[in-house]
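These notes are about the structure you will find just below.
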Amino acid sequence: MASGISMGARREVLAAVAKRYRTAGRVEKGRILDELTATTGWHRKHAMRALSAAGRNRTGLRLSEEATVATEPASSRWRKYASVRDALIALWEASDRVCGKRLVSMIPALLPALERHGRLKPTSEERALLATMSAATIDRMLIDAKVAAAGGRRRRGGFRWMH
């Protein structure tokens, strides 16, 4: 039966069975999988993944959870360090645009110097964030500044063979 069923029909069957699958117990899920694999011709593992993904949107949230999560602010590293982005760019410029790994070790020396000269006025919280920032986070936050500093183009390094 599975060879003659179209992909659209498989999607319809999947949509019809997905809610029942999510609320079912272990034994019932096994029966649902047996029915679905017999109907669609899918492998059992593929059917399990398709049923699990059927109730989710592209972001991975269940469709019923989407409304509740949208009201809560998403926590991410970018937002955590957003308040110190301008200070980080100033530190990067003062260090002659070094990479994140080298800038991490230079921040304790550069930060007081830039404060003394009036270039930065970070709060104690911002100072702590700058001190604990990793090299990878620094590199991620400086991507836009690096592209802008390069005139809008990204340098693709490589080497040439000379003959």
Side-chain angles (χ1 to χ4, degrees), residues 7-8 10-11 14-15 17-26 29 33 42-163:
M7 195 61 189
R10 289 178 188 173
R11 283 192 198 110
L14 180 69
V17 174
K19 186 175 182 186
R20 189 170 56 122
Y21 181 79
R22 280 194 306 273
T23 58
R26 182 184 168 117
K29 282 185 177 184
L33 281 171
W42 286 340
H43 189 273
R44 191 173 181 87
K45 191 66 175 181
H46 176 73
M48 287 170 53
R49 289 178 180 149
L51 284 167
S52 296
R56 299 179 184 271
N57 62 12
R58 288 179 181 241
T59 61
L61 298 174
R62 290 207 183 274
L63 297 176
S64 59
E65 296 172 354
E66 189 174 5
T68 59
V69 174
T71 58
E72 301 171 5
S75 62
S76 63
R77 290 237 182 250
W78 187 259
R79 289 187 183 178
K80 178 179 178 181
Y81 294 113
S83 62
V84 296
R85 185 170 187 274
D86 292 334
L88 182 64
I89 292 172
L91 287 164
W92 178 65
E93 290 284 347
S95 69
D96 201 22
R97 300 178 178 176
V98 298
C99 67
K101 283 186 176 182
R102 291 185 175 159
L103 185 57
V104 167
S105 62
M106 295 172 77
I107 286 176
L110 280 175
L111 192 57
L114 290 179
E115 286 181 77
R116 271 195 314 271
H117 292 286
R119 179 70 173 94
L120 291 177
K121 294 182 174 114
T123 64
S124 60
E125 181 181 303
E126 291 171 342
R127 196 175 291 111
L129 283 173
L130 285 168
T132 60
M133 192 179 289
S134 72
T137 302
I138 289 173
D139 285 333
R140 273 195 305 274
M141 291 191 68
L142 290 175
I143 287 173
D144 295 335
K146 288 179 180 181
V147 170
R153 56 180 166 45
R154 302 225 27 203
R155 188 176 94 203
R156 299 286 180 216
F159 57 89
R160 295 184 183 152
W161 291 96
M162 299 274 188
H163 293 294

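Please read all numbers here as calculations on a predicted model, not as lab measurements.
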Pairwise side-chain contact, Asp96 with Arg102, heavy-atom cut-off 4.5 Å (strictly under):
no

Run the side-chain hydrogen bond (donor to acceptor under 3.5 Å, both in side chains) test against Arg97 and tell me which residues pass, sequence neighbours left out.
Glu93

For residues Ala94 and Leu110, report the shortest heavy-atom separation together with the two atoms involved.
CB-CD2, 4.4 Å

Nearest heavy-atom neighbours spanning Pro112 and Pro108:
CD-O, 3.1 Å

Do the side chain of Ser52 and the main chain of Arg49 share a donor and acceptor less than 3.5 angstrom apart?
no

Distance col, row Arg119:CZ vs Leu91:CG, nearest 0.5 angstrom, shows 9.0 Å

Could you grab the distance from atom CZ of Arg116 to atom CG of Leu114, nearest 0.5 Å is fine?
9.0 Å

Measuring only between side-chain heavy atoms, which start at C-beta, is Met133 closer than 4.5 Å to Ile107?
no

For Lys29 and Ala24, work out which heavy atoms get closest and say how close.
CE-O, 3.4 Å

Interatomic distance, CG@Leu130 vs CD@Glu125, rounded to 0.5 Å, equals 11.0 Å

Between atom OG1 of Thr137 and atom OH of Tyr81, what is the distance when rounded to the nearest 0.5 Å?
5.5 Å

Quick check: do Pro122 and Leu111 have side-chain heavy atoms less than 4.5 Å from each other?
yes

Is any NZ, NE, NH1 or NH2 atom of the basic residue among Asp139 and Lys101 found under 4.0 Å from an Asp or Glu carboxylate oxygen of the other?
no

Are any of the side-chain heavy atoms of Leu33 and Trp42 separated by less than 4.5 Å?
no

If you count heavy atoms of other groups shown closer than 6.0 angstrom to CZ of Arg44, is the number above 12?
yes

With sequence neighbours excluded, residues passing side-chain hydrogen bond (donor to acceptor under 3.5 Å, both in side chains) with Asp86
none

